[in-house]
Amino acid sequence: MNEFARLLGRQLSQDLRALPPTAARWLSGSARVARVGNIAEMRAAARRALPKVIFDFVDGAAGDEVTAARNQSDFARLELRPRVFVDVGEVELGTTVLGRRVALPLLGAPMGLLGLVHPDGEVALARALHGAGSLYTLSAMASRSIEEVAAEAPGPMWFQLYVWRDRGLVRALVDRARGAGHEALVLTVDVPAAAGRDRDRRNGFGLPPRVTLRTLAGGAVRPTWSTRFVRSPRVRMGTVAADGAANAVAITRYVNEQFDPTVTWDDLTWFRELWEGPILVKGVLDERDARAAVDRGADGIIVSNHGGRQLDHAPSTIGALPAIVEAVGGDAEVYLDGGIRRGSDVMKALAAGARACLVGRPLVYGLGVGGEAGVARVVTLLREELRTAMTLAGCPSVASLDGTWLRARGG
Ligand SMILES: Cc1cc2nc3c(=O)[nH]c(=O)nc-3n(C[C@H](O)[C@H](O)[C@H](O)COP(=O)(O)O)c2cc1C
């Protein structure tokens, strides 16, 4: 089967080379991304560009995907209250995150295995975010290693990791993040075990991605992706594979075997001793947990439900945010991810108390459609939508956003 796939890939790449330059440019994605006008359109384009098994891995969520849907629909339940007679000739979108200046309040969320979507994977995301004056959070499960990404995409970076059972591995990862100049550790705490993702189960999604009849059938009508995939080195977890942790097992099994479900608050204290820089705890939805994390030395809280990919029926992040902001009371920075699909969503999250938002799937839709250019297009779209929303609402800077700009529909 793999030999057949290789032959098919070779044939497809020959066909691509034989195309006139305009058609080749179109297929490579750079022309396609320029015509995409919003995130919903980028998602639709990604669905057309990627095999179903890959699109579903990115787009899908846990269970009935109720939480994933609410992440978005709960934004729609909030109204923005515009003010008038305000000078909005210049709208300031810049802010600081953990003391670092960023040009916009939008950062890259950590996401693993993006090499499945495009061979540039996490490097493309990092470059696009750096290009926009922002920063990227690199996942320990990324397909490119810490060192590769640092070399190919120099710029401000945070490192996200889980708590592996093997604390020696965790310690080594922290050392490598330090060596690569990462500015903060993001500790994701909402994966004590793998969640049930029905789309992945139905599609037979596994690691490493095997070329099955189904992938091939999905890929055959997507020549650009198939050609890239077959010509690229095998996708693996670039950082942890080097330590021998990634075998040819399904992700679910990997997570259940490798991640430690017995983590307690003492482990946060252990991380606090291990890492001298800022620590953010990602995956907090309860204000008591947010307060406890800050009391144990966390510098930031990322209000996140993993994009609805872990506990289905957990609260939406925009719903959980206000109580957490109140509980933290300015003792740490609070961030939000999940469901950001419009610039106005960023404005609402900031008005509700978030320092900045992390964005996940939209960046990967852009990656699938046009590599780094596609990711850059997504960042531009969200930034310009945010600027427009702020201008129309009469809000001159992200620093002036607070709860007075929001009203719950019907409230
Ligand atoms: C393909 C994919 C892979 C992800 N991998 C990770 C990961 O390795 N670590 C992590 O903390 N979160 C991971 N997440 C969750 C994101 O960091 C983020 O919480 C979520 O995508 C935000 O929701 P959004 O996609 O609606 O923006 C992943 C999400 C996706 C879509």
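Bear in mind the structure is a predicted one, so any value in this text is a computation, not a measurement. Just follow the structure's listing: the first ligand is 1, and inside any ligand the first atom is 1.
The distance from ligand 1 to the heavy atoms of Gln160 drops below 4.0 Å at these ligand atoms: 7 (C), 8 (O), 9 (N), 10 (C), 11 (O). Here is the list of ligand 1 atoms found below 4.0 Å of a heavy atom in Val58: 31 (C). Short contacts between ligand 1 and Ser304, defined as distances under 4.0 Å to a heavy atom of the residue, involve ligand atoms 19 (O).
By the 4.0 Å N-to-carboxylate-O rule, Arg100 lies too far from Glu333 to be salt-bridged with it. Between Arg291 and Asp295 there is a salt bridge, with a side-chain nitrogen of the basic residue lying less than 4.0 Å from a carboxylate oxygen of the acidic one.
Of the protein's non-hydrogen atoms, Asp337 OD2, 2.8 Å is the one closest to atom 19 (O) of ligand 1. Annotation: atom 7 (C) of ligand 1 to nearest protein heavy atom, Tyr162 OH, 3.1 Å. For atom 11 (O) of ligand 1, the closest non-hydrogen atom on the protein side is Thr188 OG1, 2.7 Å. The single protein non-hydrogen atom nearest to atom 12 (N) of ligand 1 is Lys282 NZ, 3.0 Å, given as residue, atom name and distance. Protein heavy atom in closest approach to atom 8 (O) of ligand 1: Ser139 OG, 2.7 Å. For atom 27 (O) of ligand 1, the nearest protein heavy atom (residue, atom name, distance) is Gly360 N, 2.9 Å. At the shortest separation from atom 1 (C) of ligand 1 among protein heavy atoms lies Arg309 NH2, 3.5 Å. Among all protein heavy atoms, the one lying closest to atom 15 (C) of ligand 1 is His306 CD2, 3.5 Å.
Below 3.5 Å of separation, one finds no N or O of Leu358 facing any N or O of ligand 1. Considering backbone and side-chain atoms alike, Pro362 places every N or O at 3.5 Å or more from each N or O of ligand 1.
When the shell of 6.0 Å around CG of Asp64 is examined, it contains 12 or fewer heavy atoms from other residues, nucleotides or ligands. Environment of CD in Glu276: crowded, with over 12 heavy atoms of neighbouring residues, nucleotides or ligands closer than 6.0 Å.
Distance check, rounded to the nearest 0.5 Å: CZ of Arg272 to CG of Leu185 gives 8.5 Å. Note that CG of Asn38 and CG of Leu382 are 10.0 Å apart. Values are rounded to the nearest 0.5 Å.
The side chain to side chain donor-acceptor pair (under 3.5 Å) with Glu65 is formed by just one residue from the set Arg70, Arg199, Arg309; it is Arg199.
At least one donor-acceptor pair closer than 3.5 Å links the side chain of Trp405 to the backbone N or O of Ser400.
Annotation: side chain to side chain donor-acceptor pair (under 3.5 Å) contacts of Glu79 (sequence neighbours excluded): Arg407. Residues forming a side chain to side chain donor-acceptor pair (under 3.5 Å) with Gln310 (at least two apart in sequence, or on another chain): Arg197.
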Q: Quick one: do Thr95 and Ser397 satisfy side-chain contact (heavy atoms from CB on, under 4.5 Å)? Show the steps, please.
A: CA-CA 9 Å; Thr95 186; Ser397 69; over 6 Å; no

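Of the listed residues (Glu122, Gln72, Arg361, Met111), the one carrying the non-hydrogen atom nearest atom 4 (C) of ligand 1 is Met111.
Proximity of Pro110 to ligand 1, defined as any heavy-atom pair under 4.0 Å, is shared by backbone and side chain alike. Neither the backbone nor the side chain of Gln310 comes within 4.0 Å of ligand 1, counting heavy atoms alone.
For the ligand labelled ligand 1, residue Ile340 lies outside the 4.0 Å heavy-atom shell.
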